[in-house]
> 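Submitted below is the structure of interest, expressed as structure tokens.
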Amino acid sequence: MPPAAPQGIAAFGSPAQRYPMLQSPVRLGSLRLPHRIMMGSMHLNRELADPRALAAFYVERVRGGAGLIITGAAAVNQEGAGGAGYTLIRETAHQDRWRKVVTAVHDAGGLIGLQLFHAGRYASRSAFGLSPVAPSAVYSGYSRDTPDAMTDAQIAATIADFQAAAEVAVALGFDAVEVMGSEGYLLNQFASPVTNLRDDAWGGDPARRREFPVAVARAVRHALGSTPMLMRLSGADLVPGSSTPEEADALAIACVRAGADAIDVGIGWHESRVPTVQSLVPHGAWVPVAARVKTALVEAAAAVPVIAANRIVSLDQAERILGSGVVDLVSLARPFLADPRILSKSFAGHPTLVNTCIGCNEACIDRSLGREPVSCLVNPTAGRELEFSVLPRTSARVAVVGAGPAGMEAARALADAGALVSLFEAGQRIGGQFLMAGMVPGKSDFLETVRYFEHELARLGVRVKLGVSIANAAKLAGFDHVVVSTGVHPRGIAVPGAGLPLVLDYAHAFRNPDAVGDAVAIIGAGGIGVDLAHLLCAVRAGSVFGCPAPITNGRESFLIANGLADGTLGPSARRVTLMRRAGAIGAGMGATTRWAVVSAIRRAGVRTVTDVTYQAIDSGGVWVERDGIREHIEADTVVVAAGQESNDALAGGLAAAGIAHTVIGGALAASGTNAVVAFDQGLRAAAAIAAALPAAG
């Protein structure tokens, strides 16, 4: 058994009792945890790659103070795999990988639990050429496939597969096992009347629909012996006609009586049209669901620790939640991607140095649903610790010009490598387009990224010079290297009337949204256009549901009824029309975010129009043609959000002057450079520069 206290808590500073509830120990069955933050399960699409890299990812979180870590989902058989990139825990080659990971985590002083799952109707037919199986043959809009209804023999075999997988987990030395019964996977499918249409021992009424997940719990409990078993159960499916709260609570009670040592409360299915993990969702919005489950367990004399999750991004929030007494632990997943040392920094009294998860999903959840390896938009080192955690040391003098995402990350990484960094920014605050994003309803966490870099750059000794626009390359001649991260300009449009006074570019509209008129036509409906429409509606909206969310019993039904979005607006006093030449509204935005944001702006009254040809702008709006019909979009303000152009003039001057430089971010390529790319390029440029420049000392 590994040490009870992770080594990483003391690594950043002495852990004072700034979070008394969080820092109080808790038991999950036979396992004593040093604090009440658990690192939740995340499929990384890295499980079948180099096990040293996977081990380094988890060990970095242990060093940052993580107590119990739950792995990404491990399939109990091929039929149940979410895709070809998932662990098949009963295969010897996969076991050998995890044995190395478990050893590394234990050597670092951490605890690690294996999550077991079966995807059911969410399984991928293409992964192994096998038909998905489920309680009934109900089409899945997520996998776009219809599964085969399981026979009694298949049900018995699957229960045995869960038991055998749990036996493997014990043999590999895992400290706990979590059984996935949430998020619309197989156990959840059996519990729901939407996907379980059977009328036999495994379905027909709520009690019989519970039989399969309870049988799995019993089998896993038998295999584990004294090793703790957590059940990840859905507290709210958020699918019309699915399990009621009372049925979800009854399943939790039955699983505890079958041997569960804790209930980890999950929310929503992949097919749900209610946002659950997006930035739109208020902090702590789902805590009342977990609180309801805990109350039901207590009243049934089946009390075990209950774990709350989803959109809890800071230890201050977690402390308030635990202080309310409604749950026993808090599970953080993506916050450990954004900052592996969220615990050690916060426990040591430095929460301003925490790189906060912004709920964007772009480099994590969006990637996990495909095959691309998971990382983090604001922390591109995540998942690539062997490559980037420690850069070559250098004492060179480096100038970084432009303090948007690419420039901030380049300055941070270079300074962390020992370089003497000067960061020049023409504006009055670092952050670039994150400052605009932070104004949008539901995206205020983007400003937390700016806060992090402001404090971290100061800690690292970066000389930040604001209000300084450098156009003359000669002013940078004294530096060993220059990073050009000057970003982009809004792109104009070649439409008659584009020079009229009522026409603004998107940057101007973001800077002064109150000055935009009551009738607005936005030309361009990519991510910037959608965000701008959202902001303009909010400025004149009837209401905006704020963040963080209070912990009240009525919050759950209120949020569900209203779309569960921090960016959900009342009817806007503005009339906003959002247009684009071709493609879907919001095309280019992250897959798990786009639908939620587009739904929010449409509820606020935004009219969306696609496949238009812009003919002319006049003093009363925009003339367009669509399907051969000419239409006048009335507007007193026309905003152009039709793309961007690189602001790369400085690079040419540096090249002419023979000054060593690297161009990154939007200055390198306006098209295709989103925030994920910008942060990644900042890190990669810093690594290359540090390797090429003189070593420190």
Side-chain angles (χ1 to χ4, degrees), residues 1-42 55 57-71 101-115 169 173-178 224 226-230 232 260-264 290 294 303-309 312-325 327-333 335-337 339-351 353-354:
M1 179 66 68
Q7 299 169 355
I9 289 180
F12 202 87
S14 178
Q17 285 293 319
R18 294 175 175 88
Y19 301 94
M21 291 300 300
L22 285 176
Q23 292 184 262
S24 60
V26 63
R27 298 197 73 86
L28 299 184
S30 62
L31 192 64
R32 180 184 183 275
L33 304 185
H35 52 70
R36 293 175 183 253
I37 292 289
M38 188 175 80
M39 179 173 156
S41 173
M42 292 177 284
F57 170 81
Y58 287 121
V59 165
E60 183 69 11
R61 275 79 197 156
V62 172
R63 289 172 177 162
L68 176 61
I69 294 170
I70 303 297
T71 69
V101 173
V102 170
T103 299
V105 168
H106 286 173
D107 288 348
L111 302 168
I112 186 166
L114 181 69
Q115 187 183 80
F174 281 99
D175 302 292
V177 162
E178 178 173 87
L224 292 179
S226 62
T227 300
M229 177 177 71
L230 294 74
R232 171 86 169 178
D261 294 299
I263 301 296
D264 185 5
K294 178 177 171 63
V304 295
V306 171
I307 304 159
I312 303 166
V313 302
S314 75
L315 264 60
D316 286 339
Q317 294 165 13
E319 180 72 14
R320 289 195 298 270
I321 291 165
L322 291 177
S324 70
V327 295
D328 303 286
L329 293 94
V330 168
S331 175
L332 304 181
F336 277 102
L337 287 176
D339 197 327
R341 302 209 167 190
I342 180 175
L343 291 180
S344 59
K345 291 177 181 179
S346 298
F347 284 171
H350 304 293
L353 295 177
V354 171

> The test is side-chain contact (heavy atoms from CB on, under 4.5 Å); show your working for Thr103 and Val105 and say whether it passes.
CA-CA 6 Å; Thr103 299; Val105 168; over 6 Å; no
> Who are the side-chain hydrogen bond (donor to acceptor under 3.5 Å, both in side chains) partners of Ser24, not counting sequence neighbours?
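Result, side-chain hydrogen bond (donor to acceptor under 3.5 Å, both in side chains) vs Ser24: Arg36.
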> For Thr227 and Ala176, which heavy atoms make the closest approach, and how far apart are they?
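Looks like CG2-CA, 3.7 Å.
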> Please list, chain by chain and in numerical order, all residues satisfying side-chain contact (heavy atoms from CB on, under 4.5 Å) with Pro335, sequence neighbours excluded.
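With sequence neighbours excluded, Pro335 shows a side-chain contact (heavy atoms from CB on, under 4.5 Å) to Leu332, Ile342, Cys357, given in chain and number order.
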> Considering residues at least two apart in sequence or located in another chain, which fulfil the side-chain contact (heavy atoms from CB on, under 4.5 Å) criterion with Asp261?
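Arg221, Pro228, Met229.
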> Kindly indicate, with the supporting measurements, whether the criterion side-chain contact (heavy atoms from CB on, under 4.5 Å) is fulfilled by Leu353 and Asp339.
CA-CA 9 Å; Leu353 295 177; Asp339 197 327; over 6 Å; no
> Please name the pair of heavy atoms, one in Leu329 and one in Pro305, separated by the smallest distance, quoted to 0.1 Å.
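Between these two residues, the closest heavy atoms are CD1-CB, 3.7 Å.
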> Kindly give the heavy-atom pair with the smallest separation between Ala260 and Val304, and that separation in Å.
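In terms of heavy atoms, the two residues are closest at O-CG1, 3.7 Å.
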> Work out which heavy atom in Met38 is nearest to a heavy atom in Asp264; give both atom names and the distance.
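Looking at all heavy atoms of both residues, the closest pair is CE-OD2, 3.7 Å.
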> Return the minimal non-hydrogen interatomic distance between Arg232 and Ala309, and the atom names on each side.
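Looking at all heavy atoms of both residues, the shortest contact is NH1-CB, 4.0 Å.
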> Do any N or O atoms from the side chain of His35 and from the backbone of Gly65 form a donor-acceptor pair under 3.5 angstrom?
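Yes, because the side chain of His35 sits within donor-acceptor range (under 3.5 Å) of the backbone of Gly65.
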> State the CD1-CG distance between Ile37 and Leu22, to the nearest 0.5 angstrom.
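Here the rounded value is 4.5 Å.
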> Sub-3.5 Å donor-acceptor pair from the side chain of Gln23 to the main-chain atoms of Phe347, do we have one?
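No; zero donor-acceptor contacts below 3.5 Å.
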> Among residues at least two apart in sequence or on other chains, which ones pass side-chain contact (heavy atoms from CB on, under 4.5 Å) with Pro351?
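Residues passing side-chain contact (heavy atoms from CB on, under 4.5 Å) with Pro351: Tyr19, Ser346.
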> Short question: side chain of Glu319, backbone of Met21 - any donor-acceptor pair under 3.5 Å?
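Flag set: sc Glu319 to bb Met21 pair under 3.5 Å.
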> Donor-acceptor pair, distance only, cut-off 3.5 Å: does the side chain of Ser41 make one with the backbone of Thr71?
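Yes.
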> Once rounded to the nearest 0.5 Å, what's the spacing between atom CD1 of Ile307 and atom CD of Glu178?
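It is 6.5 Å, given to the nearest 0.5 Å.
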> The criterion is side-chain contact (heavy atoms from CB on, under 4.5 Å); which residues satisfy it with Ala104, sequence neighbours excluded?
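In terms of side-chain contact (heavy atoms from CB on, under 4.5 Å), with neighbours along the sequence ignored, Ala104 is linked to Ala55, Val59.
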> Passes side-chain contact (heavy atoms from CB on, under 4.5 Å), Ile263 versus Leu230? Steps please.
CA-CA 6 Å; Ile263 301 296; Leu230 294 74; over 6 Å; no
> If you look at every heavy atom in Arg32 and Arg27, which pair is closest and at what distance?
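So the minimum-distance heavy-atom pair works out to CB-NH1, 3.5 Å.
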> Under 3.5 Å, side chain of Lys345 to main-chain N/O of Val354, donor-acceptor pair present?
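No; judged by distance alone, with no hydrogens or angles, the pair does not exist.
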> Using a 4.5 Å cut-off on heavy atoms from C-beta on, say whether the side chain of Phe336 contacts that of Leu343.
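The answer is yes, as the side chains (C-beta and beyond) meet within the 4.5 Å cut-off.
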> Enter the distance from Leu111:CG to Ile70:CD1 here, rounded to the nearest 0.5 Å.
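Reported to 0.5 Å precision, the distance equals 9.5 Å.
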> Can you measure from CD1 (Ile112) to CG (Leu68) and round to the nearest 0.5 angstrom?
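Rounded to the nearest 0.5 Å, the CD1-CG separation comes to 8.5 Å.
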> Of all residues at least two apart in sequence or in a different chain, which pass the salt bridge (Lys or Arg N to Asp or Glu O under 4.0 Å) check with Arg61?
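Result, salt bridge (Lys or Arg N to Asp or Glu O under 4.0 Å) vs Arg61: Glu385.
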> Taking side-chain hydrogen bond (donor to acceptor under 3.5 Å, both in side chains) as the test, write out the residues that go with Ser331, two or more places apart.
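For Ser331, no residue satisfies side-chain hydrogen bond (donor to acceptor under 3.5 Å, both in side chains) once neighbours in sequence are set aside.
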> What's the separation between atom CG in Asp316 and atom CD1 in Ile321, rounded to the nearest 0.5 Å?
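Atom-to-atom, Asp316:CG and Ile321:CD1 are 11.0 Å apart.
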